[in-house]
Each structure stands twice: as C-alpha cells, then as structure tokens.
Amino acid sequence: MSDSQKPHSRPSEIPGSRFRSEDAPSGMSDGLNEVLFVRSFRQDSWRRFSKNKLAIFGLVLVIFLLLVGLIGPFLVQDPLAQERLIFKSTPDAQHWFGTDNLGRDLFARVIYGIRLSLLIGCAVVFLETTIGIALGALAGWKGRHTDSIIMRIIDVFLGIPYLILAFAFIAAIGEGVGAVIITLAFTSWLTTARVVRAGFLQAKQYDYVEAARAVGVPAPRIIWRHILPNVIQPIIVLVAVGIGAAVLAEAALSFLGVGVQEPTPSLGLMISTAQNFFSTAPHLLIFPALAIVLTVLGFLLVGDGLRDALDVKE
Amino acid sequence: MLWGAVTLLFFLFFLLPDNPAELIAGGKGKTPDPQVVKNIEKKYGLDEPIVVQYVKYLGRIVTLDFGESYADGQPVTQIIKERAPASLRLATWAILVEAFVGIGAGVLSAVRKYSVADTLTTLLAALLSAIPVFVLGYLLQQVFGVHAFKAGWPEWAQLPVQGIGPNTWVAWIFPTVEEFPYLILPVVVLASVSAIIVARLARSSMLEVGKSDFIRTARAKGLKEGQITSRHVLRNAMIPVVTFIGIDFGVLVGSAILTETVFNWPGLGSKIAQAASARDLPVLLGLTVVVVVVFGLVNLCVDISYAWFDPRVRFDEGGGQ
C-alpha cells in the first residue's frame, strides 16, 4: 500500500461507539493510551469481514475451489479418455460422478472445467481491471476532451446489452478460450473505468495531491502513489464480483455454442450437451451445474462481504 | 449514441477473419468454386470496400431495410415482424412479475427487518444470482415437466416446457387459458434473477428513506404507520428501483436470449443465438440494432418516469432542479 501520510481513522472517532473497551489489548487502560490506540484500517476491515458468516463461507468456498483447480487436475483421470463400454453410467467407485455421453470420466471433466472457469475468470478480470484503470485514470486525470471521448465510448458500450456485445466481439475474434477471455475483458471494463474516473475526479481536489503537484512531483508518481490508493477499495470489490460474473458469462457463451469448443472441458459446454440426456441421465447436468453455482456463489459472497467490510458504496 | 452503437456493431461483425461469402458458398473448411464466391460477393455487395458497405447499410436501415439472411434468404425485416411480438410479450410479463414480486418482497423484508422472510430473501438472492439462467430453466423443466408428470401431480402443476403453444392472446398481451401454461415457466425464469435484485434494492432503499427527516415529520404529525409506508416511504424509495429496472433491461435481454433458447420460445432472442452460432451476419446485426433501439427507448421511459416518482425533477423548467 502507499506510504502517504493519510490517517485511516481519526483518533477522535475512537472513544465512541465503534470501539468498546474490551477491544483494546490489556495494559492500555489509561485514557491517553486508549485514545492513541488506533486499529489499522486493514485490521478493522478484516474484523468486519470475519464477522460476516456468509462472506467467510464464500471465502472458504473460493479457497477450496482454487485448490481443486490447482491440484485437482494432477490427481484425476484423463478428461478426454473415452471408455467405449460405459456411456452415461451413474456414479460409482471408479467414476465418482459417472461418465458422460462419450464415456469420459465426468469427475475429471468437472475438475478440469472448474480450472478452466477459474482461469478464464482471473484472466478476464486481470485484463478488465488493467483496461479499466488505465482508461479511467486517463479520463479522470486529463479531463476535457480526453474525458469526454472516453465517456462517449463507455456510453456507446453501455447502450448495447452485454451478451449482444459479447456476440459481436466473438463474431469478430473467433471462438475458443482465448477469444472468450478477450471478449469478456473488452465488454466488462466499463464499470471499473467509471469507478476509477469518479475517484480521480474527487481525489484531484485533495490538498495533498495539490501539494504534491506544487512541489513538482511528476504526474505518473502522483497518480500511482497518491490517487490510486484512494480507489483501490471499490476495485477490490469489483475484482471479486467480476470473477464470478466472468465465470457465468463464459458458461453462457459456451452454452450457446459460441464460446469454448469441444473437446475442451468447459462447464457451460457440458451443460449444453447434457440437456439432450437430461431425462435419462440427470447427473450429467447436475454436477457441472453445481460446480458453476458454487464457483460463482463463492466469489459473489466474498465480493458482497468485501463491499460491506470496506464500506464501499455502490 | 445509437449511431455509435450501430457503427461499433457493424465494424465488429464485418471485420471477420473469414470471408462471409465463402461461408455461404460452402461452409467452414471447404474450398468453394471461386466463381460462386464472386457471384455471392456481388449479390450481397461484399466486394465493395468496407466503408462503402457501411454507408450503404446506414442508408438502408433508415428505410428499415436490414438485408436478407445468409442462411435462407429471408428478409430480416420479416424475421423481426414474425418474432418480435413473442419476445415483447415475454419481456413485458417478466418485467411486470419482476417489479411486483421484487418490490413486494423488498417492502416486506424492509418492514419486517431481520424476520425469517427477510433472511430468506437475502439467502435466496445470493443463491439465485449464482445460478445460470439456463440451469434454472432446465431444473424447472425437469420438475414441472418431467417429474410432475411421472409423480402424477395435479393437472395444473404439469406445465409444458417447450415452445409457445397455441399462441393465442386477448388484446395482444393477455394469454388465453390454453396459452397461459406455456407462458409460466419462461416468465418465472426470466423474472427470477432480476426480481431478487429488485427486492434487495427496494429493501435497502426503503430502510434508507425510512431514516430521513420527512418521515419523522410524518410520524410526528400522527400519521398511521401503514400510510407512512405506502404514501411517503414507498414513493421515494422507488426512484433507485425504477432506475435499476431500466438499467437491468440490458441484462434482461441477455437472459432472454438464454431463456428463449432453453424453452424454444420463438422470439428474437433465440433467433439471435442461432444467428450468432451460424454466423448469419445480416440477421445478427439487424436484430441487434432493433434490441439496441428498444434498450434506448426503455431508458428514455425510465428518465421520464423520474418526474412522476419525484416531482422535484422537472424537465420543463430549463433544467433547473
């Protein structure tokens, strides 16, 4: 984080309602020390986050799924190997989730699917946040024509429903994992850019930014050290929620046949295939669907928890 | 704005890596006769520079001519005429259900804060926003289509899961008795995700307004609690909710594409999905332009409805508030 001299919570707030006496460590009982006892913003946020049961549940879910995605593929069977005698078999000891319509191990496919979902989610959010911060910062810092051009572009993008915009990008770029990542990143940076721009417009007027400018600190340094830390909290929330949204969007695109293509194990694609056998082999649909729901749910809950803990307004 | 959107979509669609004429002539991976390709290019004007194509396209859509489908030569305008009513009916009912159920649940959980219903709404909201629309659709199809039939549920609980049925309507918008069952599941699926967000938004907005000074004044005047809630809190709390329903229309379109595909509903959404995977560009572009125009109109209506909900906003007084 930044080393700027911005006090995160003012001592005058402390003897009030939020800090009860049992919060202070022992040996800090005399008045002066109690006033000086300042919990860092990060500790404070973590305390609020950890009290939120749903958020902790989400965090556990996310960590579990990350482990599954990282380690799982080394432990399971080949997700592409076909066993010609057992199509659509129900779960047993050999195939924990059964096999799919081509006799492939569904457990392995779901594990690989989760890994792909997480990979796409993280890559999309990384790109999206980078584009969003860059353009938002440019608009907010430069102002004038740069600002109005970027805002116009955002307006145009926002005027097109999300999935339709994604279709357009897919049509231009092609299909497959890389195309999905680029498409989703290019269609979802708008919120980040707007948040960053709003933060910049506000922060530009702060005295310490003015002071930094007056003493001749170069612009990139002011942006990086003094303004960006101000907008980092809403961005953290957007990152958590964005991964969940990207996982959902990837599933939707793959489901409609314009996203990830066979034989790559993608959860959306598995559901799309499974619908044909739903009445005879419902497990083909239920396991991938459950994997998507848990992944998205985990990230959304963490995002919601962070929003409350960091006190970010929507 | 609209022009920008159309331009963006046009160039995205037509800056394709593969030549559409070759796709029409033979499909992917085949090498069709070059003469055939040339003829097709000529027919659709694809041999001209992209800028010329673009200007011509703009000129044509002003006269509501969106070209013809690459797949079967059907004029796009005709596709729109045939399919738009089904989509509009589905979307209208979904928005109505979304608004009434969402606002109702939100008001309920705001009035009875931290009650069982309130907690249930919060949990349901988290869960429903994580379920992909198409998965929800299949689950409901399975329960009310397949399971209800097998388990011998009463007749009214066995719902059709595919298509639009007899497609008979009274006064354009109201389904007849025979049509009604076909409408239930698609509307429920389409409305569910947004309804739950509307509910949360209405709740937090109600609680926020409930704290304000004029509500305290109303209490001090001795108004009944029910009157305060319905006349004072509700009306002021609706502003962000209505904004959301407008913004959410974009999400609704996306969900409609998925819902219509799952339920085989003969609307614009399922056609957009088909056209996208078949690379049927004129259809895709034409339908998309229609959706973008409707999206713009919806947002305009939302802006106008502010004045009704919040008389402080007036448009006719030189922009002053």
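Per chain, numbering begins at 1; letters A, B, ... match sequence-line order.
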* Exercise: identify the closest heavy-atom pair between A:Ala289 and B:Val135 ->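 Taking A:Ala289 first and B:Val135 second, the nearest heavy atoms are CB-CG1, 3.7 Å.
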
* To do: Search all heavy atoms of B:Ser129 against all heavy atoms of A:Val296 and return the closest pair with its distance.
  =>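 For B:Ser129 and A:Val296, the tightest heavy-atom pair comes out as O-CG1, 4.2 Å.
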
* Asked: About how many Å separate CG of B:Leu284 and CD1 of A:Ile164, when rounded to the nearest 0.5 Å?
  ->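 Atom-to-atom, A:Ile164:CD1 and B:Leu284:CG are 8.0 Å apart.
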
* Asked: When rounded to the nearest 0.5 angstrom, what is the spacing between CD1 in A:Ile160 and CZ in B:Phe295?
  ->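 Going from CD1 on A:Ile160 over to CZ on B:Phe295, the span is 9.5 Å.
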
Hey, which of [options] has the most heavy atom pairs under 4.5 Å with chain B?
options: A:Ala252, A:Ser272, A:Gly257; value: A:Ala252
options: A:Ile271, A:Leu290, A:Ile286; value: A:Ile271
options: A:Leu300, A:Leu165, A:Leu301; value: A:Leu300
options: A:Leu297, A:Asp304, A:Thr295; value: A:Leu297

Identify which part of [X] has an atom lying under 4.5 Å from any heavy atom of chain B, answering side chain, backbone, both or neither.
X: A:Phe255; value: side chain
X: A:Leu294; value: neither
X: A:Phe299; value: neither
X: A:Leu248; value: side chain

* Given a strict heavy-atom distance threshold of 4.5 Å, which part of B:Phe134 is in contact with chain A: side chain, backbone, both, or neither? ->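 For B:Phe134, side-chain heavy atoms alone lie under 4.5 Å from chain A.
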
* Select one option (side chain, backbone, both, neither) describing which atoms of B:Leu287 are under 4.5 Å from chain A's heavy atoms. =>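 Neither; nothing under 4.5 Å.
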
* To do: Could you check which of B:Val133, B:Val251, B:Val253, B:Leu252 has the highest count of heavy-atom pairs closer than 4.5 Å to chain A?
  =>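 So the answer, after comparing B:Val133, B:Val251, B:Val253, B:Leu252, is B:Val253.
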
* To do: Tell me, out of B:Ala275, B:Ala276, B:Ser255, B:Ala273, who's got the most heavy-atom pairs with chain A below 4.5 Å.
  =>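 Heavy-atom pair counts peak at B:Ala276.
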
* For atom CZ of A:Arg194, is the number of surrounding heavy atoms from other residues, nucleotides or ligands below 6.0 Å larger than 12? ->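 It does not: A:Arg194 CZ has 12 such atoms or fewer within range.
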
* Heavy-atom count around A:Phe157 CZ within 6.0 Å, excluding the residue itself: above 12? ->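 Yes.
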
Please tabulate, for side-chain N and O atoms in residues 236-243 of chain A, each donor-acceptor pair with protein atoms closer than 3.5 Å (sequence neighbours left out).
none

With a 3.5 Å cut-off and sequence neighbours excluded, list the donor-acceptor pairs that the side chains of residues 260-268 of chain B form with protein atoms.
{"from": "B:Glu260", "atom 1": "OE1", "to": "B:Gly269", "atom 2": "N", "distance (Å)": "2.6"}
{"from": "B:Glu260", "atom 1": "OE1", "to": "B:Ser270", "atom 2": "N", "distance (Å)": "2.9"}
{"from": "B:Glu260", "atom 1": "OE2", "to": "B:Ser87", "atom 2": "OG", "distance (Å)": "2.8"}
{"from": "B:Thr261", "atom 1": "OG1", "to": "B:Ile257", "atom 2": "O", "distance (Å)": "2.6"}
{"from": "B:Asn264", "atom 1": "ND2", "to": "B:Gln162", "atom 2": "OE1", "distance (Å)": "3.2"}
{"from": "B:Trp265", "atom 1": "NE1", "to": "B:Ala86", "atom 2": "O", "distance (Å)": "3.1"}

